[in-house]
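Remember, it's 1-based here, ligands and their atoms both numbered in the order they're listed.
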Amino acid sequence: MRTQIAIVGAGPAGLLLGALLHRAGIDNVVLEQRSAEYVLGRIRAGVLEQVAVDLLREAGIAERLDAQGLPHDGFEMAFGERRLRIDLHALTGRRVVVYGQTEVTRDLMDHRHQTGLGTVYEAEDVQPHGFDGGRPYLSYRHGGTGHRLDADFLIGCDGFHGVCRASVPPGALQTFEKIYPFGWLGLLAETPPVSPELIYGHTERGFTLASMRSHQRSRYYLQCSLDDTVAQWSDDAFWAELRRRLPAAAAAQLVTGPSIEKSIAPLRSFVAEPMRFGRLFLAGDAAHIVPPTGAKGLNLAASDVGLLARALAEFYGGSTAGIDHYSQRALARVWKAERFSWWFTSLMHRFPDTGGFGLRMQQAEFDYLCGSVAAQTVLAENYVGLPLG
Ligand code: FAD
Ligand code: DHB
């Protein structure tokens with residue numbers, strides 16, 4: 001089989017890239033190791049920046065997003081009982097949209113199916129080859145037989161544990177990493193959200209986030225120990241702990257119910273440089289991870305593939321400038337999102353080892369935010385997302 005662009009991974013990065021390339025008349029095939037149902041079963045991000053919304057519109061996949069997505073003009077921060085609303089729209093003229101990663105993925109999958117673009121789910125043992133020369137290809141097994149997919153370029157959209165970054169010679173790659181000493185326990189429930197806007201809370205008992213997927217569906221998170229397991233957390237225990245961490249007025253509005261999903265995610269900052277090796281490009285979680293505070297992961301995946309789709313269209317139009325600058329352009333934006341996610345994580349969580357001084361620094365930072373429109377503007381600008389560049 002031959003295609004122009006061979007994409008590894010059918011997460012949001014791979015599928016959105018495929019859709020943007022298709023719009024530009026560029027043929028592509030996606031290989032995914034899991035089944036479509038498995039990919040749709042992963043509950044992850046929930047907040048889209050304007051850049052991500054614009055790219056979905058550009059790809060012609062925003063009909064359901066425009067109808068069902070919830071535009072949010074602001075969000076709240078709480079330090080115990082002290083609450084601060086960040087008025088995103090007043091501070092930046094922009095807003096974010098609450099629309100789940102699962103829904104984005106479903107829309108992209110449906111579009112791919114309708115446009116007849118090739119997608120191989122349950123592709124086993126995918127391996128990139130020859131990307132340092134002019135004839136790259138992917139080998140894989142499917143349905144018990146071996147296959148080969150030749151392409152002009154290979155794109156690793158295969159997430160943090162994928163095969164593409166792992167196939168690059170170690171000397172060609174520089175990595176930067178920070179592991180946080182806690183995780184997030186997430187719970188999804190068919191209950192109305194506790195508040196019309198998101199609440200990021202810092203409490204003595206640890207961080208909490210009250211989010212949502214719709215007016216009927218809530219998504220909550222609790223900072224938890226890295227030793228915790230989902231089995232240890234009954235629904236009742238989760239709701240009781242959430243109630244303790246929410247500001248009292250919000251806790252009074254809490255509606256509980258059986259969980260639809262519960263999972264624990266570790267928190268990590270990670271960047272691999274560069275994002276291009278000859279004819280192999282990396283995009284999304286394959287190249288970088290942010291801790292989830294501030295919801296940048298999915299949005300960064302979208303902005304990477306926005307830049308990459310534009311660069312590849314330029315390549316087929318006769319210019320290599322876009323692909324030559326992709327890594328540098330993408331990384332400039334990635335590092336700013338890394339900084340913001342690290343800052344927001346550092347402000348909002350309880351750190352087991354920073355003592356009284358660390359806590360006073362967090363309180364002073366929150367105080368400063370409460371009194372400074374300039375500080376709120378910096379936060380809001382980063383939260384709604386920096387321009388694609
Ligand atoms: P992924 O979504 O990881 O997709 C990669 C795809 O590649 C997967 O489908 C995988 O099965 C496939 N793949 C991997 N290896 C291979 C292989 N060898 N061959 C073929 N296919 C392969 N972000 C937020 O903003 N907010 C959140 O609350 C949030 N929560 C998260 C919770 C968890 C548990 C995780 C893991 C991430 C979370 N994120 C969150 C981050 C966000 O979901 C990711 O940034 C986003 O999914 C990145 O998209 P991606 O397409 O780059 O990678
Ligand atoms: C969600 C996750 C985040 O990390 C965040 O900052 C906001 C919302 C969510 O899953 O809804």
Side-chain angles (χ1 to χ4, degrees), residues 6-18 30-36 38-49 52 70 72 75 77 96-102 104-105 108-109 119-128 138-142 155-167 183-188 193 197-200 207 209-214 217-221 261 263-268 270 282-305 334 337 340-341 344-345 348 383 385:
I7 300 170
V8 184
L15 293 176
L16 178 57
L17 178 62
V30 173
L31 302 185
E32 163 63 49
Q33 68 179 359
R34 304 288 192 171
S35 67
Y38 182 95
V39 172
L40 281 177
R42 293 187 298 221
I43 307 296
R44 290 180 171 180
V47 176
L48 298 183
E49 295 172 0
L70 305 177
H72 278 215
F75 68 87
M77 295 169 71
V96 294
V97 177
V98 169
Y99 191 68
Q101 178 165 337
T102 312
V104 174
T105 308
L108 286 163
M109 275 181 179
T119 319
V120 181
Y121 284 97
E122 299 181 54
E124 292 168 51
D125 200 14
V126 176
Q127 295 288 341
L138 297 174
S139 63
Y140 64 102
R141 283 185 299 112
H142 187 246
I155 319 290
C157 294
D158 48 348
F160 183 63
H161 299 288
V163 67
C164 290
R165 192 182 74 249
S167 305
W184 274 21
L185 170 67
L187 179 145
L188 185 69
E197 293 185 336
L198 272 60
I199 304 174
Y200 291 85
F207 169 79
L209 169 59
S211 182
M212 67 195 74
R213 291 292 175 271
S214 70
R217 190 170 275 203
S218 312
R219 178 72 167 161
Y220 296 108
Y221 297 96
E261 192 262 4
S263 53
I264 291 181
L267 271 69
R268 179 197 305 272
F270 173 87
L282 301 178
D285 279 17
H288 42 74
I289 297 288
V290 288
T293 333
K296 290 288 161 233
L298 169 60
N299 290 296
L300 270 188
S303 54
D304 282 357
V305 300
V334 164
F340 173 67
S341 306
F344 205 20
T345 301
M348 297 309 294
Y383 193 90

Starting from [atom], locate the nearest protein heavy atom and write down its residue, its atom name and how far away it is, to 0.1 Å.
atom: atom 4 (O) of ligand 1; result: Gly11 CA, 3.5 Å
atom: atom 42 (C) of ligand 1; result: Gln101 OE1, 3.6 Å
atom: atom 45 (O) of ligand 1; result: Asp285 OD1, 2.7 Å

Check ligand 1 against [X] and write out every atom of the ligand that is under 4.0 Å from a heavy-atom position of the residue.
X: Arg42; value: 8 (C), 9 (O), 10 (C), 11 (O)
X: Lys296; value: 25 (O)
X: Ala265; value: 34 (C)
X: Gly162; value: 15 (N)
X: Gly284; value: 52 (O)
X: Gly297; value: 25 (O), 45 (O)

Is any side-chain heavy atom of [X] less than 4.5 Å from a side-chain heavy atom of [Y]?
X: Arg42; Y: Thr102; result: no
X: Leu198; Y: Val47; result: yes
X: Leu282; Y: Cys164; result: yes
X: Val30; Y: Leu17; result: no
X: Tyr121; Y: Tyr38; result: no
X: Met212; Y: Val98; result: yes
X: Met77; Y: Phe344; result: yes
X: Pro292; Y: Leu267; result: yes

Is there a polar contact between ligand 1 and [X], counting only N or O atoms under 3.5 Å apart?
X: Ala123; answer: no
X: Ala13; answer: yes
X: Arg34; answer: no

*Specify side chain, backbone, both or neither for Val8, according to which of its non-hydrogen atoms lie closer than 4.0 Å to ligand 1.*
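It is the side chain that gets close, since no backbone atom is under 4.0 Å.
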*Within reach of ligand 1, part of Gln33 (heavy-atom separation under 4.0 Å)*: both
Nitrogen or oxygen contacts under 3.5 Å, ligand 2 side and protein side:
residue  : atom   : partner : partner atom : Å
ligand 2 : 4 (O)  : Pro292  : O            : 2.6
ligand 2 : 6 (O)  : Tyr200  : OH           : 2.6
ligand 2 : 6 (O)  : Pro292  : O            : 3.4
ligand 2 : 6 (O)  : Gly294  : N            : 3.0
ligand 2 : 6 (O)  : Ala295  : N            : 3.1
ligand 2 : 10 (O) : Arg213  : NH2          : 2.8
ligand 2 : 10 (O) : Tyr221  : OH           : 2.6
ligand 2 : 11 (O) : Ser211  : OG           : 2.6
ligand 2 : 11 (O) : Arg213  : NH1          : 2.7
ligand 2 : 11 (O) : Arg213  : NH2          : 3.4

*asked:* Under a 3.5 Å distance rule, please check whether Arg165 uses its side chain to pair with a backbone N or O of Ala286 as donor and acceptor.
replied: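 Judged by distance alone, yes, a pair lies under 3.5 Å.
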*For the residue pair Phe75 and Tyr200, does the interplanar ring angle fall in the parallel (under 30°), tilted (30 to 60°) or perpendicular (over 60°) class?*
perpendicular
*Do the rings of Phe160 and Phe270 sit parallel, tilted or perpendicular, given the 30° and 60° boundaries?*
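Phe160 and Phe270: perpendicular rings.
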Under 4.0 Å, counting heavy atoms only: does [X] come that close to any atom of ligand 1?
X: Tyr221; result: yes
X: Pro12; result: yes
X: Arg219; result: no

*Stepwise salt bridge (charged side-chain N to carboxylate O under 4.0 Å, His left out) check, Glu261 with Arg44*: CA-CA 11 Å; Glu261 192 262 4; Arg44 290 180 171 180; over 6 Å; no
For the atom pair [atom1] ([X]) and [atom2] ([Y]), what is the distance rounded to the nearest 0.5 Å?
X: Met109; Y: Glu32; atom1: CE; atom2: CD; result: 7.5 Å
X: Phe340; Y: Tyr383; atom1: CZ; atom2: OH; result: 7.5 Å
X: Thr345; Y: Arg268; atom1: OG1; atom2: CZ; result: 13.5 Å

Would you indicate which of [options] comes nearest to [atom] when only heavy atoms are counted?
atom: atom 9 (O) of ligand 1; options: Glu124, Glu122, Glu32, Arg44; result: Glu32
atom: atom 13 (N) of ligand 1; options: Asp158, Thr293, Ile43; result: Asp158
atom: atom 23 (N) of ligand 1; options: Gly294, Ala45, Gly14, Cys157; result: Ala45

_Under the rule for salt bridge (Lys or Arg N to Asp or Glu O under 4.0 Å), what residues qualify as partners of Glu122, not counting sequence neighbours?_
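Checked Glu122 against salt bridge (Lys or Arg N to Asp or Glu O under 4.0 Å); zero matches.
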